[in-house]
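Below you'll find the structure, written out as structure tokens, and then a few comments.
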Amino acid sequence: MNKYNLQKLKEALEFNAVEVIPGQQEILDKELEFIIEKSQKSGEPIKHYIGFEISGKIHIGTGIMSALKIKKLQEAGVECNIFLADYHTWLNEKLDGKIETIRSVARNYFAPVMLECCKVVGCDMKKLNIIFAEDLYESSKNGQSFWNYDMVISKKLSLSRVLKSISITGKESGGEVDFGTLRYAPMQVSDCFFMGTHIVHAGMDQRKVHVLMRETAPKLDYEFTLKIGGKPIKPLATHHGLLLGMKKESGAGGEVVLGKMSKSKPETCVFVHDTPQDIEKKIKKAYCPLVDTANQTTEEIEQEQKNNPMLNWLEIMIFPAGRELRVIRPVTYGGDKTYSNYDDLKQDYFSGQLHPGDLKNAIALNLIEWFEPIKDYIDNNPESLKYLE
RNA sequence: CCGGAGUUGGCCGAGCGGUCAAUGGCACCAGACUGUAAAUCUGUCGGGCUUCGCCCUACCCAAGUUCGAAUCUUGGACUCCGGACCA
């Protein structure tokens with residue numbers, strides 16, 4: 001009998017309600033309860049997957065944020081799968097554009113490093129699976145190949161719906177798109193149904209495709225559609241939050257705007273295997289304004305809070321991961337102090353009790369300690385970075 | 001298929017035969033200022049030097065015209081944009 005923690009599962013799926021089908025919490029709750037019931041009755045596990053393109057070095061927004069979500073889902077009782085999408089990567093012409101290179105990086109870098117990320121956040125490694133697209137696409141399901149699924153599913157997708165969802169590939173919709181790129185979204189939908197995953201997971205930027213998956217499910221014949229315990233269902237979606245980048249970008253009206261982390265701009269993000277020196281250096285340069293409670297309105301302060309990458313990381317990554325933040329500073333600045341939740345920290349930060357400089361040092365130290373095993377892995381396997389430098 | 005436009009340094013973008021290693025903007029890097037960062041100011045900003053100067057490699061690729069080409073000619077590659085065809 002599979003055991004599930006409904007509350008944890010609901011928490012883990014909260015973005016589904018907010019972003020994918022807003023305002024329909026009851027429907028989602030019903031779907032979720034139905035899935036749990038059928039799973040328990042049939043013994044078939046609820047399966048999750050998160051797909052990654054093998055496009056470059058893994059930053060904390062990818063590695064840690066998705067690992068935290070995986071941990072939560074595992075704790076709720078879900079079977080989690082990491083899917084390495086080499087074909088999708090190939091379509092997007094990442095790395096040197098060669099499928100052999102992409103596959104090599106997937107096996108020698110991406111898979112082991114993602115596993116290290118999951119390990120440092122405390123996932124149950126025995127229950128975590130890695131699925132390589134090259135293996136998956138060679139396999140068959142009930143006598144049907146992946147490409148059979150893809151064909152059947154593509155027939156159910158309209159060109160305009162596919163076009164709408166291509167922003168996820170990193171290309172701007174509206175510009176010229178080659179036909180191959182249009183294959184991307186249909187393949188993602190096929191991935192979901194072919195693997196038979198009931199919970200699909202990605203960064204929030206991919207929710208359009210998740211909607212596409214949900215829309216497609218009822219259109220498919222029983223043989224191909226998503227089922228649990230023999231009953232057809234729509235996949236549920238979940239998204240991890242996006243971490244703010246560390247550098248200010250000039251916004252339209254001159255206001256402070258911070259982009260999300262982007263591996264194409266190394267100065268905006270910390271890679272999970274950065275050296276301690278790199279982490280210190282990057283964090284030292286992060287945007288982090290001193291709060292002036294005397295001269296700023298509450299609204300302005302709230303705005304700054306939203307635009308502060310350091311606070312953002314603490315709020316959605318460091319504290320939710322169950323980590324404490326040790327601030328080490330001279331007595332003249334207040335002496336050492338340890339925070340175990342975001343509210344306490346926020347309180348001190350916005351009342352001026354905690355200086356940005358001290359906060360940064362604490363975060364840098366925290367991350368360095370946290371990611372040490374990942375760094376060790378890279379140090380012991382330097383060849384894994386081949387093709388990525 | 002026919003016709004037009006374009007390809008410049010990390011990016012955008014000037015230059016249209018010598019004075020161009022190539023204006024300008026952005027980014028990056030260094031320094032000043034702040035107990036962090038940001039903002040602001042200064043310098044740097046293809047590479048190497050024996051650094052008031054010199055050398056090398058550079059303006060999509062190849063060949064050519066010139067004393068001399070990023071700038072002209074020819075061919076090639078790629079990108080964009082029109083039009084035609086639609087029995």
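Letters A, B, ... mirror the listed sequences (proteins, then strands); counts begin at 1.
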Worksheet item: What one-letter contact string describes nucleotides 28-34 of chain B from 5' to 3', where B marks a base within less than 4.0 Å of any protein heavy atom, S marks contact via sugar-phosphate atoms alone, and - marks no contact?
Response: SSS----
Discussion item. Taking ring-ring contact (aromatic ring centres under 6.0 Å, His included) as the definition, give me every residue that meets it alongside Tyr4(A), ordered by chain and number, with sequence neighbours left out.
Written reply: none
With rounding to the closest Å, how many angstrom separate the [atom1] atoms on [N] and [M]?
{"N": "A22(B)", "M": "A69(B)", "atom1": "C1'", "answer": "13 Å"}
{"N": "G46(B)", "M": "A70(B)", "atom1": "C1'", "answer": "15 Å"}
{"N": "G43(B)", "M": "G48(B)", "atom1": "P", "answer": "23 Å"}
{"N": "U23(B)", "M": "G6(B)", "atom1": "P", "answer": "22 Å"}
{"N": "C26(B)", "M": "U44(B)", "atom1": "P", "answer": "16 Å"}
{"N": "U19(B)", "M": "G68(B)", "atom1": "C1'", "answer": "13 Å"}
{"N": "U71(B)", "M": "A58(B)", "atom1": "C1'", "answer": "15 Å"}
{"N": "G10(B)", "M": "G47(B)", "atom1": "P", "answer": "10 Å"}

Whole-Å distance between [N] [atom2] and [X] [atom1]?
{"X": "Asn307(A)", "N": "A39(B)", "atom1": "CG", "atom2": "P", "result": "14 Å"}
{"X": "Arg329(A)", "N": "G35(B)", "atom1": "CZ", "atom2": "C1'", "result": "12 Å"}
{"X": "Tyr333(A)", "N": "U36(B)", "atom1": "OH", "atom2": "P", "result": "8 Å"}
{"X": "Trp313(A)", "N": "U36(B)", "atom1": "CH2", "atom2": "P", "result": "19 Å"}
{"X": "Lys282(A)", "N": "A37(B)", "atom1": "NZ", "atom2": "P", "result": "18 Å"}

Worksheet item: Just wondering, do Tyr287(A) and A38(B) stack (centres under 5.5 Å, planes under 30°)?
Response: no
Worksheet item: In Å and rounded to the nearest 0.5 Å, what is the CG to CG distance from Leu359(A) to Asn308(A)?
Response: 7.5 Å
Worksheet item: Which value, rounded to the nearest 0.5 Å, describes the distance between Glu79(A) atom CD and Ser39(A) atom OG?
Response: 10.0 Å
Fill in: Pairs involving residues 359-384 of chain A, ordered by first then second residue, that meet salt bridge (Lys or Arg N to Asp or Glu O under 4.0 Å) (sequence neighbours left out)
Arg326(A)-Glu369(A), Lys375(A)-Asp379(A)
Discussion item. Considering only residues two or more places apart or on different chains, which pairs with a residue in residues 330-350 of chain A satisfy ring-ring contact (aromatic ring centres under 6.0 Å, His included)?
Written reply: none
Discussion item. According to ring-ring contact (aromatic ring centres under 6.0 Å, His included), does anything in residues 100-134 of chain A pair up with another residue at least two apart or in another chain? List the pairs.
Written reply: Phe52(A)-Phe110(A), Tyr109(A)-His273(A)
Worksheet entry | Selection residues 189-200 of chain A - residue pairs positive for side-chain hydrogen bond (donor to acceptor under 3.5 Å, both in side chains), sequence neighbours left out | His88(A)-Asp191(A), Tyr137(A)-Asp191(A), Asp150(A)-Ser190(A)
Worksheet item: Taking the hydrophobic residues Ile, Leu, Val, Met, Phe, Trp and Tyr, and joining any pair whose side-chain heavy atoms are under 4.5 Å apart, which ones share a cluster with Ile328(A)?
Response: Leu365(A)
Worksheet item: For Thr225(A), which residues count as a side-chain contact (heavy atoms from CB on, under 4.5 Å) partner, sequence neighbours excluded?
Response: Phe193(A), Ala217(A), Leu220(A), Lys227(A), Pro232(A)
Practice prompt. Give each stem of RNA chain B as a range with a range, requiring at least 3 consecutive Watson-Crick or G-U wobble pairs whose two distances are under 3.5 Å.
Written response: B:1-7 with B:77-83, B:10-12 with B:24-26, B:29-32 with B:40-43, B:46-49 with B:53-56, B:60-64 with B:72-76
Item to complete: Check RNA chain B against residues 356-370 of chain A and give the residues with a non-hydrogen atom under 4.0 Å, in numerical order.
Response: Pro356(A), Gly357(A), Asp358(A), Lys360(A)
Fill in: Set of salt bridge (charged side-chain N to carboxylate O under 4.0 Å, His left out) partners for Lys156(A), sequence neighbours left out
none
Practice prompt. Report the residues that fulfil side-chain hydrogen bond (donor to acceptor under 3.5 Å, both in side chains) with Ser384(A), sequence neighbours left out, ordered by chain and then residue number.
Written response: none
Worksheet entry | Under 3.5 Å side-chain donor-acceptor pair for Ser145(A) and Asn148(A) | yes
